[in-house]
2 protein chains.
Amino acid sequence: MNDEREQRILDAAETLVLHYGYDKTTISDIAQVAKVAKGTVYLHWKSKEDLFEALFWREIWKYTDDMLTRLQALPVEEWSFISMYEQAMFALSGSALMQAMMRDDTRVLGNFMHKRGDKFLKMKQPMRIELLALMQKAGAIRQDVDIEAANHLISAMSYGMLNMHVIVQPEEAPTLENLIPTMSQMLQRWLVPEDGGNREAARQIIMQMIAAFKTQYQGKEMDDGHSNT
Amino acid sequence: MNDEREQRILDAAETLVLHYGYDKTTISDIAQVAKVAKGTVYLHWKSKEDLFEALFWREIWKYTDDMLTRLQALPVEEWSFISMYEQAMFALSGSALMQAMMRDDTRVLGNFMHKRGDKFLKMKQPMRIELLALMQKAGAIRQDVDIEAANHLISAMSYGMLNMHVIVQPEEAPTLENLIPTMSQMLQRWLVPEDGGNREAARQIIMQMIAAFKTQYQGKEMDDGHSNT
DNA sequence: TTATGACCATATATTCGTTTTTGGTCATAT
DNA sequence: ATATGACCAAAAACGAATATATGGTCATAA
């Protein structure tokens, strides 16, 4: 099967869904932008939903890959919950589609959420709270921080950062990327002990997390997004 | 004019609008709950919109009064940007209607926002950024904090806190009130210099702000919410 | 063998006439 | 003098008929 064409069709779908939303993006539109016949699209996926599910999974892997790449580009000595979260936000700031997914943007996602939305709910599962608890136990995060509430506050802030265009006038809304440095400063001051805490432990936790994820990653790469071939 | 009856009608309107939203709340419903005839409602206000505008202004004054009362119940030595913001959140946590307004809850506000929404936009105007700048200049807030970005992050977090039922499963969503202590801790660690900064200056700024607001408050109390009499 | 696009069934949108509801009015009862 | 609720015009909702658009199919061209 022609992988280049498949990516081209997915690229076209991405462009269109960001502009028109899922409900208003037709297979016909996608075929036109991708310069293939409409029937050709069905050589790759059995249905419109399958196509978009593939698109969203593709984006999730790209985002995750980007995040890991960014993190691993840092010196190991700089690894911490803060730097990890920071790099995740930088990766997120580079993907409009991922942002739309993260904020459940009904304008973009439309009816897809009703049909296949449950498949993506897990993405937002609070693995973070387990990570925070591990970090606190290991001494990388202050002992006097209520981990559950902190997790909620971080979620609240992320959600707000993803919706700045709603919170302030759209013309005045800061980009996600512009807020990241101050966000990192805030997390650092708030969560990290004054002496820096147990950085070595933090690094070990992150390393294990990355290793575990890579194991999972290798097993999953071939399964999602290809309904027929 | 019968003030007790007016308040009773406003109470009825508040109960109904929180449950059914502006669009589905009829004057007939309100009259029934308030135990008056429908025509009686028009003795107080010329139109449905006027009634709801009065209701929203009433709520704003109640919220503001509550916030000031809470703040002034603190020892003056405890006054700071943090404590002020904290008390504002406590006041907010006690008002479902105020929360709906702050998060532009379309389920509650419906068409009212199209008709009179611009009147309430000013409420959310960033007086906070001026206050933060004043506090930083006076030494009550760290010098290395980007005030503009900080303002946006605080807005983002507030917005997220007001929308926790969207961010996590509604059954698991924490109440606004439960998040306040951790939020205060975060703000304290992030913004306040380690030696506490210039607390006296912070107090003076807040005192002036309260005095200025009380002056304005006295002048406005009789004007808003009474379209006829 | 594979890409194509006309075709089809169904979903969605539009139109129109009818019915119901609602905000607001005011003659009347109290 | 004031509260009431029947009434009215207009808005909103409803349902049926009609028109259009879309996802998916497959005979055919390449």
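Lettering follows sequence order; numbering is per chain, from 1. What you are looking at is a predicted structure, and each value in this text was computed from that prediction instead of being measured. The analysis underlying the following values was restricted to heavy atoms, covering all of them including side chains, and did not include hydrogens, waters or symmetry mates.
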Please say whether more than 12 non-hydrogen atoms of neighbouring residues, nucleotides or ligands are located less than 6.0 Å from CD in Gln32(B).
no
Taking atom P of dT12(C) as reference, at what distance in whole Å does atom CG of Asn111(A) sit?
8 Å
How long is the line joining NE2 of His44(B) and C1' of dA3(D), in whole Å?
10 Å
Checking Phe52(A) now: which residues fulfil ring pair (Phe, Tyr, Trp, His ring centres under 6.0 Å) with it, not counting sequence neighbours?
Tyr22(A)
Glu4(B) atom CD is separated from dA3(D) atom P, nearest whole Å, by 12 Å
Do the non-hydrogen side-chain atoms of Leu51(B) and Val41(B) ever get within less than 4.5 Å of each other?
yes
Determine, for nucleotides 22-29 of chain C in 5'-to-3' order, which nucleotides have protein heavy atoms under 4.0 Å from the base (write B), from only the sugar-phosphate (write S), or from neither (write -).
SBBB----
Is it the case that Arg128(B) and Asn151(B) place a side-chain donor and acceptor less than 3.5 Å from each other?
yes
Separation of atom CD1 in Ile30(A) from atom C1' in dA21(D), rounded to whole Å:
15 Å
Can you give each donor-acceptor pair under 3.5 Å made by side-chain atoms of residues 7-14 of chain B, sequence neighbours left out, with the distance rounded to 0.1 Å?
unit_1   : atom_1 : unit_2   : atom_2 : d
Gln7(B)  : OE1    : Arg58(B) : NH1    : 2.7
Arg8(B)  : NE     : Ala34(B) : O      : 2.9
Arg8(B)  : NH1    : Glu4(B)  : OE1    : 2.9
Arg8(B)  : NH1    : Glu4(B)  : OE2    : 3.3
Arg8(B)  : NH2    : Ala34(B) : O      : 3.2
Asp11(B) : OD1    : Arg58(B) : NH1    : 3.0
Asp11(B) : OD1    : Arg58(B) : NH2    : 2.8
Glu14(B) : OE1    : Arg58(B) : NH2    : 3.3

Round to a whole Å and report the spacing from NZ of Lys35(B) to C1' of dT4(D).
16 Å
Return the value, rounded to whole Å, for the distance between atom CD of Gln32(A) and atom C1' of dT4(C).
15 Å
Whole Å only: how far is the NE2 atom of His114(A) from the P atom of dA11(C)?
17 Å
Determine, for Lys62(A) against Asp66(A), whether the closest basic-nitrogen to carboxylate-oxygen distance falls under 4.0 angstrom.
no
Rounded to whole angstroms, how far apart are CG on Leu43(A) and C1' on dT4(C)?
10 Å
